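Below is one structure; the comments refer to it alone.
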Amino acid sequence: MAGEPQDDCLFCKIVAGRIPATVVRETDTTVAFRDINPQAPTHVLVIPKAHHADAATLAAEDPELAADVLRETRAVAEAEHLDSYRLVFNTGSGAGQTVFHAHAHVLGGRGLQWPPG
Ligand code: AMP
Ligand code: ZN
C-alpha cells in the first residue's frame, strides 16, 4: 500500500531508527538529517516518514505530505541560517537518484552554479 515502510529501504530504516543519522529536525510526518556525503557546507535531506519512491510519486499519492516536506525545507534553511540555497529532488536514476524514498536535498553555505550539471 502507498506509504507503507519498505524493509529494503535505507531511508525507511533511518525513520525507524535502525540506521543512525544526524537528525537536525523532526516533525510528525518528516525527518531532516545531514547527508552522509555532503556536497556543500550545509547539505540536509528532508524526507517524508512514509515511503514514497520519489517526489513525483509523493506529489501524486499524498500532496499534503509533499507540502509538509516543502515546508520543512524552509525550516531547515532558517535553522541553518541560509539566505540562498538550492532544493533538489533527483527523480529517476538518469537524474542521479540513488535512494528510492522521496527526499529533498537542501544545499547551501557556498555559491551554487547555475545551470547545474
Ligand atoms: P539521491 O542521489 O538524490 O538519491 O540522494 C541520496 C543521498 O543520500 C546522497 O546524497 C547520499 O549521500 C545520501 N545518503 C546515502 N546514505 C546515507 C545515510 N546513511 N545517511 C545520510 N545520507 C545518506
Ligand atoms: Zn522508504
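For clarity, every value in this text was computed on a predicted model and none was experimentally measured. As the structure lists them, so they are numbered: ligands from 1, and atoms in each ligand from 1.
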Open item on the list: Using the Zn ion (ligand 2) as the vertex, how large is the angle between SG of Cys12 and ND1 of His101, rounded to 10 degrees?
Closed with: 110°
Open item on the list: Restricting to N, O or S, what is the name of the atom of His51 that lies nearest the Zn ion (ligand 2)?
Closed with: ND1
TODO: Of the side chain and backbone of Phe33, name the one, both, or neither that has a heavy atom under 4.0 Å from an atom of ligand 1.
DONE: side chain
Task: The one among Thr91, Val99, Leu45, Asp35 that brings a heavy atom closest to atom 12 (O) of ligand 1 - done: Asp35
Open item on the list: If we only consider heavy atoms of Ala21, is any one of them less than 4.0 Å away from an atom in ligand 1?
Closed with: no
Task: atom 19 (N) of ligand 1 - nearest protein heavy atom and its distance - done: Ile36 CD1, 3.9 Å
Task: Residues Glu61 and His52: side-chain donor-acceptor under 3.5 angstrom - done: yes
Open item on the list: Quick test: of every protein heavy atom, which one is nearest to atom 5 (O) of ligand 1, and how far off is it to 0.1 Å?
Closed with: His103 NE2, 3.0 Å
Task: Close-contact set for ligand 1 against Phe11 heavy atoms, below 4.0 Å - done: 8 (O)
Open item on the list: Considering non-hydrogen atoms of the protein only, which is the closest contact for atom 2 (O) of ligand 1, and what is the distance?
Closed with: Gly96 O, 2.8 Å
- [ ] Taking only heavy atoms of Arg34 into account, list the atoms of ligand 1 that are under 4.0 Å away from them.
- [x] 21 (C)
- [ ] Please report the C-alpha distance between Thr30 and Asp68 in whole Å, then the side-chain angles of each, then the deciding distance to 0.1 Å, and finally whether the side-chain hydrogen bond (donor to acceptor under 3.5 Å, both in side chains) criterion is met.
- [x] CA-CA 7 Å; Thr30 67; Asp68 288 349; over 6 Å; no
Task: Taking atom 4 (O) of ligand 1 as the reference point, the nearest protein heavy atom with its distance - done: Thr98 N, 2.7 Å
Open item on the list: Tell me if the aromatic rings of Phe89 and His103 count as close, with their centers under 6.0 Å from one another.
Closed with: no
Open item on the list: If we check side-chain contact (heavy atoms from CB on, under 4.5 Å) with His105, which of these qualifies: Asn90, Val46, Val44, Thr73?
Closed with: Asn90
TODO: Please verify whether a non-hydrogen atom of Gln39 lies at under 4.0 Å from ligand 1.
DONE: no
Open item on the list: Check this for me, if you would: do Arg34 and Glu80 make a salt bridge, where the nitrogen-to-carboxylate-oxygen distance has to be below 4.0 angstrom?
Closed with: yes
Open item on the list: Could you tell me, atom by atom, which parts of ligand 1 come under 4.0 Å of a heavy atom of Asn37?
Closed with: 12 (O)
Open item on the list: Checking the side chain of Gln113 only, and the main-chain atoms of Pro115 only, is there a donor and an acceptor separated by less than 3.5 Å?
Closed with: no
TODO: Measure from the side-chain N and O atoms of Gln97 to the backbone N and O of Ala95, and report whether any donor-acceptor pair falls under 3.5 Å.
DONE: no
Open item on the list: Please check if the number of heavy atoms outside Glu64 that lie under 6.0 Å from its CD is greater than 12.
Closed with: no
TODO: Return the residue, atom name and 0.1 Å-rounded distance of the protein heavy atom closest to atom 16 (N) of ligand 1.
DONE: Leu10 CD2, 3.3 Å
